[in-house]
Amino acid sequence: VMADRCGGNVSFASVKNADGVEIEKFEFPDEETQKKVEKQCEEDPEMMPYFFVQSDDYSTLKNLVVDSALSGEPAQSVATIQIAIEALKLAEYFTEEAGRVLDAM
């Protein structure tokens with residue numbers, strides 16, 4: 001598995017088999033979203049493009065959290081602080097393990 005944020009608006013992850021042949025590639029944003037972002041950039045050239053790429057997701061997240069606050073119920077499909085802590089622990093573990101593997105190469 002290999003991923004690259006590409007230093008711009010496009011990110012991808014590539015999954016290769018043991019022979020190094022790519023078996024699947026995942027790109028973000030998709031073609032439809034990229035066209036939408038390009039149009040938004042033309043309309044507001046002073047805005048950083050990644051804000052447009054992420055705006056739909058942020059809007060969804062904000063609505064879930066506000067609805068939760070108004071209803072007093074837990075937000076559905078939103079990570080809790082405990083989940084975030086566990087995700088960071090996993091990232092730290094992976095970083096250490098990946099470093100060991102790379103050092104052994």
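The shortest distance between side-chain heavy atoms of Ile23 and Lys16 does not fall below 4.5 Å. Side chains of Leu61 and Val65 form a contact here, defined as non-hydrogen atoms less than 4.5 Å apart. Side-chain contact between Val37 and Tyr50: absent, with no pair of heavy atoms (C-beta onward) separated by less than 4.5 Å. Residues Thr33 and Phe52 are not in side-chain contact: their nearest non-hydrogen atoms beyond the backbone lie 4.5 Å or more apart.
Taking the ring centre of Phe12 as origin, the terminal cationic atom of Lys25 falls inside the region bounded by 6.0 Å and 45° from the ring axis.
The cluster map of Ile, Leu, Val, Met, Phe, Trp and Tyr, joined by side-chain heavy atoms under 4.5 Å apart, puts Phe28 and Phe26 in different clusters. Note: the hydrophobic cluster containing Tyr93 does not contain Leu88 (ILVMFWY, side chain heavy atoms under 4.5 Å, direct or indirect links).
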>> I'd like to know whether Glu86 forms a salt bridge (Lys or Arg N to Asp or Glu O under 4.0 Å) with Lys89, so could you lay out the CA-CA distance, the side-chain angles of the two residues, the decisive distance to 0.1 Å, and finally the verdict.
In response: CA-CA 5 Å; Glu86 294 302 316; Lys89 287 179 185 177; 3.2 Å; yes
>> Show, in sequence, the C-alpha distance, side-chain angles and deciding distance for Glu73 and Ser68, and conclude whether the side chain to side chain donor-acceptor pair (under 3.5 Å) test is met.
In response: CA-CA 5 Å; Glu73 298 294 323; Ser68 169; over 6 Å; no
> Could you walk me through whether Glu97 and Arg100 pass the salt bridge (Lys or Arg N to Asp or Glu O under 4.0 Å) check?
Replying inline: CA-CA 5 Å; Glu97 289 301 308; Arg100 282 191 200 102; 2.3 Å; yes
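With respect to Glu32 and Lys36, no salt bridge is recorded, no charged nitrogen being found less than 4.0 Å from a carboxylate O.
Interatomic distance, OG of Ser55 versus NZ of Lys62, reported as 8.5 Å (0.5 Å rounding). Within the model, atoms CD1 of Ile83 and CG of Leu90 stand 13.0 Å from one another, a figure rounded to the nearest 0.5 Å.
Counting heavy atoms of neighbouring residues, nucleotides and ligands inside a 6.0 Å radius, atom CD of Glu22 exceeds 12 of them. Sparse packing is recorded around CD1 of Ile81, with 12 or fewer heavy atoms of other residues, nucleotides or ligands lying under 6.0 Å away.
For the pair Asp19 (side chain) and Val21 (backbone), a donor-acceptor distance under 3.5 Å is absent. Remark: the backbone N or O of Ser59 is paired with a side-chain donor or acceptor of Asn63 at under 3.5 angstrom. Side chain of Thr60 to main chain of Asp56: a donor-acceptor pair is present (N/O by atom type, distance under 3.5 Å, no hydrogens or angles).
The minimum heavy-atom distance linking Val10 with Gln34 is given by the pair CG2-OE1, 4.3 Å.
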